Amino acid sequence: MSERSTEHTTITIERHFKAPLPKVFNAWAIPEHKRQWFGCHEDWKPLESQLDFRTGGSESNRVASPDGVVHAYQARYIDVVQNQRFIYAFDMMLDNVRISVSLATVNFAAEPGGTKMIFVEQVVFLDGYSDNGSRLMGTEIGFDNLRLYVEGDDSRPN
């Protein structure tokens, strides 16, 4: 049996979008919209995607990287306040190995010319998994895709 361990970190990302608040919020909330931007690797093959965006709802997403490793995301929505915030807990797995568990809060506010979004993730990396900054990088890429989606850029990667 491998040694058990936990490594805690917090990721905070603030983004400003030139799009109305309901459009940014709904990009997270409506399954067809979220599929357009969620993800950070164009060459990964989608396997499953499910979203029930409401308090008590859930989300799952499974993709395979080019080397065949299955990356799985499973979330539960704890609190959803339309156009204001949502809080969710999720875990990430590589094949059948849980690598992290997180609690995330996403807050939204209208501002002149668009929407401010603040994302805070409290993450625990498990059992020696060495993230080396890839969670932050992947989240930033995902939010770049979100920007392209809500601001209407037709060159978006997804």
Side-chain angles (χ1 to χ4, degrees), residues 4-17 19-41 44-65 69-111 114-127 129 131 134-152 156-158:
R4 300 295 185 183
S5 65
T6 57
E7 179 185 327
H8 299 256
T9 193
T10 299
I11 297 169
T12 301
I13 300 170
E14 182 174 317
R15 289 291 180 102
H16 300 266
F17 301 102
L21 191 152
K23 184 174 185 177
V24 178
F25 191 89
N26 285 334
W28 289 86
I30 298 172
E32 297 77 24
H33 295 204
K34 190 163 186 184
R35 276 193 287 275
Q36 295 298 311
W37 67 268
F38 189 73
C40 56
H41 300 283
W44 289 14
K45 178 183 176 186
L47 302 173
E48 171 202 351
S49 178
Q50 170 275 327
L51 174 61
D52 177 13
F53 190 85
R54 61 180 174 83
T55 299
S58 65
E59 179 177 12
S60 59
N61 190 303
R62 292 178 53 241
V63 296
S65 56
V69 175
V70 174
H71 297 250
Y73 161 90
Q74 182 68 41
R76 184 175 71 85
Y77 290 93
I78 298 163
D79 182 61
V80 175
V81 180
Q82 183 73 27
N83 293 328
Q84 293 181 31
R85 72 163 185 252
F86 61 92
I87 302 167
Y88 62 112
F90 66 95
D91 63 1
M92 302 281 294
M93 298 183 70
L94 295 178
D95 287 328
N96 293 318
V97 178
R98 181 173 288 107
I99 60 167
S100 68
V101 177
S102 296
L103 177 67
T105 302
V106 187
N107 284 292
F108 301 86
E111 61 182 14
T115 303
K116 177 170 92 172
M117 180 187 84
I118 300 175
F119 171 88
V120 179
E121 178 183 353
Q122 298 165 301
V123 59
V124 182
F125 294 108
L126 303 172
D127 302 331
Y129 176 76
D131 178 67
S134 26
R135 176 68 55 88
L136 175 61
M137 182 176 66
T139 304
E140 291 275 10
I141 291 169
F143 291 168
D144 290 345
N145 292 342
L146 174 59
R147 174 183 312 285
L148 293 172
Y149 179 72
V150 299
E151 293 182 0
R156 69 180 180 268
N158 290 332

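The chain is numbered in sequence order, starting from 1. Keep in mind that what you see is a predicted model, and the values were worked out from it rather than measured.
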Ring pair (Phe, Tyr, Trp, His ring centres under 6.0 Å) partner of F53, chosen from F25, F38, W28 | F25
What is the distance from atom OH of Y88 to atom CD of E121, rounded to the nearest 0.5 Å?
-> 6.5 Å
Nearest heavy-atom contact between P22 and N83 is CA-OD1, 3.4 Å
Could you go step by step and tell me if R135 and F125 meet the side-chain contact (heavy atoms from CB on, under 4.5 Å) rule?
-> CA-CA 10 Å; R135 176 68 55 88; F125 294 108; 3.9 Å; yes
Only residue of V106, I87, L103, T12 satisfying side-chain contact (heavy atoms from CB on, under 4.5 Å) with V120 is T12
Nearest heavy-atom contact between R54 and Y77 is O-CB, 3.2 Å
Could you tell me which non-hydrogen atom of Q36 sits nearest to which non-hydrogen atom of E32, and how far apart they are?
-> CG-O, 3.3 Å
Rounded distance (nearest 0.5 Å) linking atom CG of N107 with atom CZ of F119 | 11.5 Å
For the side chain of T115 and the backbone of A19, is there at least one donor-acceptor N/O pair under 3.5 Å apart?
-> yes
May I ask you to decide whether R15 forms a salt bridge with E140, counting only side-chain N to carboxylate O separations under 4.0 Å?
-> yes
Nearest heavy-atom approach of Q50 to S58 is NE2-O, 3.3 Å
With distance as the sole test, does D127 use its side chain to make a donor-acceptor pair with the main-chain N or O of S5 at under 3.5 Å?
-> yes
First locate atom CD1 of I99, then atom CG of D91, and finally report the distance between them rounded to the nearest 0.5 Å.
-> 9.5 Å
Inter-residue atom distance E14.CD - M117.CE, 0.5 Å rounding | 9.5 Å
Check: T10 side chain, Q122 main-chain N or O, donor-acceptor pair, under 3.5 Å | no
Heavy-atom closest pair, residues N61 and S49 | ND2-OG, 4.2 Å
Any idea how F143 and W37 line up, ring-wise: parallel (<30°), tilted (30 to 60°), or perpendicular (>60°)?
-> tilted
N26 side-chain N/O to A29 backbone N/O, donor-acceptor pair under 3.5 Å = no
S102 versus V123, closest heavy-atom pair with distance | OG-CG2, 3.2 Å
Test log, rule side-chain contact (heavy atoms from CB on, under 4.5 Å), inputs L126 and T6 = CA-CA 5 Å; L126 303 172; T6 57; 4.1 Å; yes
Roughly how far, to the nearest 0.5 Å, is CE of M93 from OG of S100?
-> 10.5 Å
Working to the nearest 0.5 Å, report the span between CD of Q82 and CG of L21.
-> 9.0 Å
Student check: side-chain heavy atoms of Y129 and V97 closer than 4.5 Å | no
